[in-house]
**Student:** 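Structure below; questions to follow.
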Amino acid sequence: MITALRGFRDIWGEDWEVFEEIISTFKNRLRDFNVAWIETPILEPLELFVRSVGEFTDIVQKQMFSFRDRGNREVALRPEGTAGVVRAFVENRLSYPIRLAYFGPMFRAERPQKGRYRQFYQLGVEFIGFSGPYADAEGLISAYLPLKDLGLKVKVFVNTLGGEEAKVKYSEKLRDYLMDLDFLCEDCIRRRERNPLRVLDCKVCSPKLSPPDILEMVPKNERDNFDKTIRILEKYGVPVERDPKLVRGLDYYTGLVFEIKAEELDAAQNTILAGGRYDNLIYQLGGENIPAFGWAAGIDRISLIYKPSQKPKDLYFVVRTSDEYFEEAFEVLMILRNSNKRADMVFEEGKSLKAQMRRANKLGARWVVFVGEEEVKRGVVKVRDMETGEEFITSLD
RNA sequence: GCGGCGGUAGCUCAGGGGUAGAGCACCAGACUGUGGCUCUGGGGGUCGCGGGUUCGAAUCCCGUCCGCCGCCCCA
């Protein structure tokens, strides 16, 4: 048997319906934010991700599906959505400001786990040409509202990187601070040299730390923006919590960063949506110097906790008393479908009426339509309501 | 990429050197035109795959693939 590759999976039936409900909930809400939808390629030049996500990030260093195509070009399956959308924005010279939204599969060669796949689905937005605290706030609100619509219990964590300079400066200052400590765990001793920001995430060491706060290094205007953004968010009903340790794993973020976590999920996969401001990326990718803000939601993870709405299927199921009336039954089936009814019947021959009824029941049919000698003779059908058991005769709908 | 645990019927799992099991699901019957509930019967597995040990392996050993958990990282 040939099976799917590690970390890749099939999604069908109820699982796919859950996906669709989640996506359409986002679509409905994002419509109110006046977004335009965009579809970009799954395969892009490797260089695009090296330049945007960051050459030294883990994603680029060890998690990309990259290879040479037949023309010997270095290409990669997209590990995230922002790079492609920004590339498309620059390449097609889209007018701005513009709010773009996308949905599609992303690929990362990570170790699979629950809620963590090598092909996973993200729905995201890029608000290009918008800046300032109101823009940051509306961007975050556009992420929060769909999650509320889905009925999820979430917590919003925010922080600011205060611009590229403040980010670098802070990283150095933090390293200095950590170098003087003698109680760090083995992992953190290794981390403090290469990636001091990660030490802040360590479950063991973090509680013992009193690290310098990045806000002390953030320029005053950035700090004012950050404070004002939080005030706006609170005014519009988005409860936020500052997490001074929050730093995103992609290099392109420059200002506000945020993560939304689901309370119902374990820490390993509880971040269901994340994003932030990236004011330099468009310029870095050959465009004008345009500020932007974006986020991406992990649909696979959201589908782990979303409880689908239980809407009954109004399915009509046509049964025949004998295969003699197959043709008439099929005719009824097509009449139902032509009047836009969801309808089905048993196509295998030699199935007893009882077996057909069982099938109808299994598929959750609301109505069963009988076609038999009596009905054919009189040019009518008998309809049974499967919930109440009531039956009635009617001419063809 | 590293560490731990696991893989037996469609699903959830028991069995742990001597003929492959249960529940659920599926199929068919139980007053000859009617589902669900109940009863009866039935089909279905090269016990993840490959190699080794053994008279004999689902069972023990090695490898490998896949899954889950943790690390790393992230949606």
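In what follows, chains carry the letters A, B, and so on, assigned in the order in which the sequence lines appear, proteins first and then strands, with residues in each chain numbered from 1.
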**Student:** Determine whether a donor-acceptor pair (one donor, one acceptor, N or O, separation below 3.5 Å) exists between the side chain of A:R9 and the base of B:rC66.
**Tutor:**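 By the distance-only test, no, there is no pair.
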**Student:** Regarding A:G115, tell me which of base, sugar-phosphate or nothing describes its non-hydrogen contacts under 4.0 Å with the strands shown.
**Tutor:**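 Result for A:G115 = base.
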**Student:** May I have the distance from A:N270 (atom CG) to B:rC74 (atom C1'), rounded to whole angstrom?
**Tutor:**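 Taking CG of A:N270 and C1' of B:rC74, I get 11 Å after rounding.
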**Student:** Take atom C1' in B:rC61 and the same atom in B:rC2, then report the distance between them in whole Å.
**Tutor:**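 The answer is 24 Å between these two C1' atoms.
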**Student:** I'd like the P distance from B:rC13 over to B:rG52, given in whole Å.
**Tutor:**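 After rounding to an integer number of Å, I get 32 Å for this pair.
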**Student:** Less than 4.0 Å between a side-chain N and a carboxylate O, is that true for A:E387 and A:R366?
**Tutor:**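 Result for this pair is yes, salt bridge flagged.
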**Student:** With sugar-phosphate meaning primed atoms plus P, OP1 and OP2, does A:Y117 contact a base, only sugar-phosphate, or nothing at under 4.0 Å between heavy atoms?
**Tutor:**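 Base contact.
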**Student:** Of the candidate nucleotides B:rA75, B:rG36, B:rC2, which contains the atom at the shortest distance from the side chain of A:R111?
**Tutor:**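 Taking heavy atoms from C-beta onward, the closest nucleotide is B:rC2.
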**Student:** Searching all strands shown, indicate the nucleotide that pairs with B:rG3 (Watson-Crick or G-U wobble; both distances under 3.5 Å).
**Tutor:**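 B:rC69 is the nucleotide pairing with B:rG3.
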**Student:** Quick one: is A:Q113 getting a side-chain N or O under 4.0 Å of the B:rG70 phosphate, OP1 or OP2?
**Tutor:**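 Checking A:Q113 against B:rG70: at least one side-chain N or O falls below 4.0 Å of OP1 or OP2.
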**Student:** Does a donor on one side chain sit under 3.5 Å from an acceptor on the other, for A:Q284 and A:Y252?
**Tutor:**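 No.
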**Student:** Expressed as a whole number of Å, how far does the C1' atom of B:rC60 sit from that of B:rA22?
**Tutor:**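 That atom pair is separated by 26 Å.
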**Student:** Among B:rA75, B:rC69, B:rG33, find the nucleotide with the atom closest to the side chain of A:E375.
**Tutor:**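 Selected nucleotide: B:rG33.
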**Student:** Between A:E44 and A:R78, is the closest basic N to carboxylate O distance under 4.0 Å?
**Tutor:**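 Salt bridge flag = no for A:E44 with A:R78.
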**Student:** Select from A:A109 and A:I260 the residue whose nearest nucleotide in RNA chain B is closer to the 5' end of that strand.
**Tutor:**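 The residue mapped nearer the 5' terminus is A:A109.
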**Student:** Just checking A:Y121: base, sugar-phosphate only, or nothing, at a heavy-atom cut-off of under 4.0 Å?
**Tutor:**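 The answer is nothing, as A:Y121 stays clear of every strand by at least 4.0 Å.
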**Student:** Whom does B:rA28 pair with, Watson-Crick or G-U wobble, provided both distances fall under 3.5 Å?
**Tutor:**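 Across all strands, the one nucleotide that pairs with B:rA28 is B:rU40.
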**Student:** Would you mind reporting whether A:E328 and A:R320 have side-chain heavy atoms less than 4.5 Å apart?
**Tutor:**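 A:R320 does not reach A:E328 side chain to side chain.
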**Student:** Starting at the 5' end of RNA chain B, which residue's closest nucleotide do you reach first, A:D385 or A:R6?
**Tutor:**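 Checking each residue's closest nucleotide, the 5'-ward one belongs to A:D385.
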**Student:** Roughly, in whole Å, what's the span from CG in A:L5 to P in B:rG67?
**Tutor:**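 After rounding, the reported distance stands at 10 Å.
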**Student:** Expressed in angstrom and rounded to an integer, what is the separation of A:R116 atom CZ from B:rC66 atom C1'?
**Tutor:**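 Going from CZ in A:R116 over to C1' in B:rC66 covers 16 Å.
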**Student:** So what's B:rG45 paired with, Watson-Crick or G-U wobble, going by both distances under 3.5 Å?
**Tutor:**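 Per the H-bond distance test, none.
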**Student:** Looking at A:R359 and A:E348, is there a salt bridge between them, counting it only when a charged N and a carboxylate O are closer than 4.0 Å?
**Tutor:**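 A salt bridge links A:E348 with A:R359.
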**Student:** In whole angstrom, give me the gap between the P atoms of B:rC11 and B:rC49.
**Tutor:**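 Those two atoms are separated by 14 Å.
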**Student:** Does B:rA22 have a Watson-Crick or wobble mate here (both distances under 3.5 Å), and if so which one?
**Tutor:**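 Looking at the geometry, B:rA22 pairs with B:rU12.
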**Student:** Between B:rG67 atom P and A:F8 atom CZ, what is the distance in whole Å?
**Tutor:**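 Distance, rounded to whole Å: 10 Å.
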**Student:** Of the nucleotides B:rA75, B:rG36, B:rG70, which has the atom closest to the A:F120 side chain?
**Tutor:**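 The listed nucleotide nearest to A:F120's side chain is B:rA75.
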**Student:** Classify the side-chain pair A:Y278/A:T82 by whether it contains a donor and acceptor separated by less than 3.5 Å.
**Tutor:**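 Checked: A:Y278/A:T82 side chains show no N/O donor-acceptor pair below 3.5 Å.
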**Student:** How far, in whole Å, is B:rU59 from B:rG16 if one measures between their C1' atoms?
**Tutor:**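 Their C1' atoms lie roughly 5 Å apart.
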**Student:** Which nucleotide, in any strand shown, forms a Watson-Crick or G-U wobble pair with B:rU34, with both distances under 3.5 Å?
**Tutor:**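 Partner of B:rU34: none found under 3.5 Å.
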**Student:** Can you list every pair that meets ring pair (Phe, Tyr, Trp, His ring centres under 6.0 Å) and has a residue in residues 325-355 of chain A, with sequence neighbours left out?
**Tutor:**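 Checked against ring pair (Phe, Tyr, Trp, His ring centres under 6.0 Å) - neighbours excluded - no pair reaches residues 325-355 of chain A.
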**Student:** Can you check the distance between B:rG50 and B:rC31, where both ends of the measurement are the P atom (answer in whole Å)?
**Tutor:**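 Comparing P positions in B:rG50 and B:rC31 gives a spacing of 48 Å.
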**Student:** My understanding is that a pair needs two contacts under 3.5 Å, Watson-Crick or G-U wobble. By that rule, which nucleotide pairs with B:rU54?
**Tutor:**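 For B:rU54, the partner nucleotide comes out as none, under the 3.5 Å rule.
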**Student:** Please report the distance, rounded to the nearest Å, between CZ in A:F370 and C1' in B:rU34.
**Tutor:**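 Atom-to-atom, A:F370 to B:rU34, this comes out as 5 Å.
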**Student:** Do the rings of A:Y121 and A:F103 sit parallel, tilted or perpendicular, given the 30° and 60° boundaries?
**Tutor:**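 The rings of A:Y121 and A:F103 lie parallel, inter-plane angle below 30°.
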**Student:** Salt bridge check, A:R242 against A:D213: does any charged N sit closer than 4.0 Å to a carboxylate O?
**Tutor:**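 Yes, this pair counts.
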**Student:** Considering every strand and a 4.0 Å limit on heavy-atom distances, what is the contact class for A:E80: base, sugar-phosphate, or nothing?
**Tutor:**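 Touches nothing.
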**Student:** Heavy atoms within less than 4.0 Å of RNA chain B: which residues of residues 350-365 of chain A have one? Give them sorted by number.
**Tutor:**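 Residues of residues 350-365 of chain A that come under 4.0 Å of RNA chain B are, in numerical order, A:K351, A:L353, A:K354, A:A355, A:M357, A:R358, A:N361, A:K362.
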**Student:** Let me know the distance between CG of A:L152 and P of B:rA75, rounded to the nearest Å.
**Tutor:**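 That distance rounds to 18 Å.
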**Student:** How many whole angstroms separate atom CG of A:L315 from atom P of B:rG35?
**Tutor:**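 Answer to the nearest Å: 18 Å.
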**Student:** Taking B:rA57 as the reference, what is the distance to B:rG43 when you measure between their P atoms (whole Å, please)?
**Tutor:**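 B:rG43 and B:rA57 have their P atoms separated by 27 Å.
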**Student:** Round to a whole Å and report the spacing from CD of A:E126 to C1' of B:rA75.
**Tutor:**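 Taking CD of A:E126 and C1' of B:rA75, I get 13 Å after rounding.
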**Student:** Is a salt bridge present between A:D227 and A:R231, judged by a nitrogen-to-oxygen distance below 4.0 Å?
**Tutor:**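 A salt bridge is absent here (no side-chain N lies under 4.0 Å from a carboxylate O).
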**Student:** Heavy atoms from C-beta onward define the side chain here; which of B:rC68, B:rU34, B:rC69 lies closest to that of A:K382?
**Tutor:**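 That would be B:rU34.
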**Student:** Quote, to the nearest angstrom, the C1' distance that separates B:rG10 from B:rG70.
**Tutor:**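 Those two atoms are separated by 31 Å.
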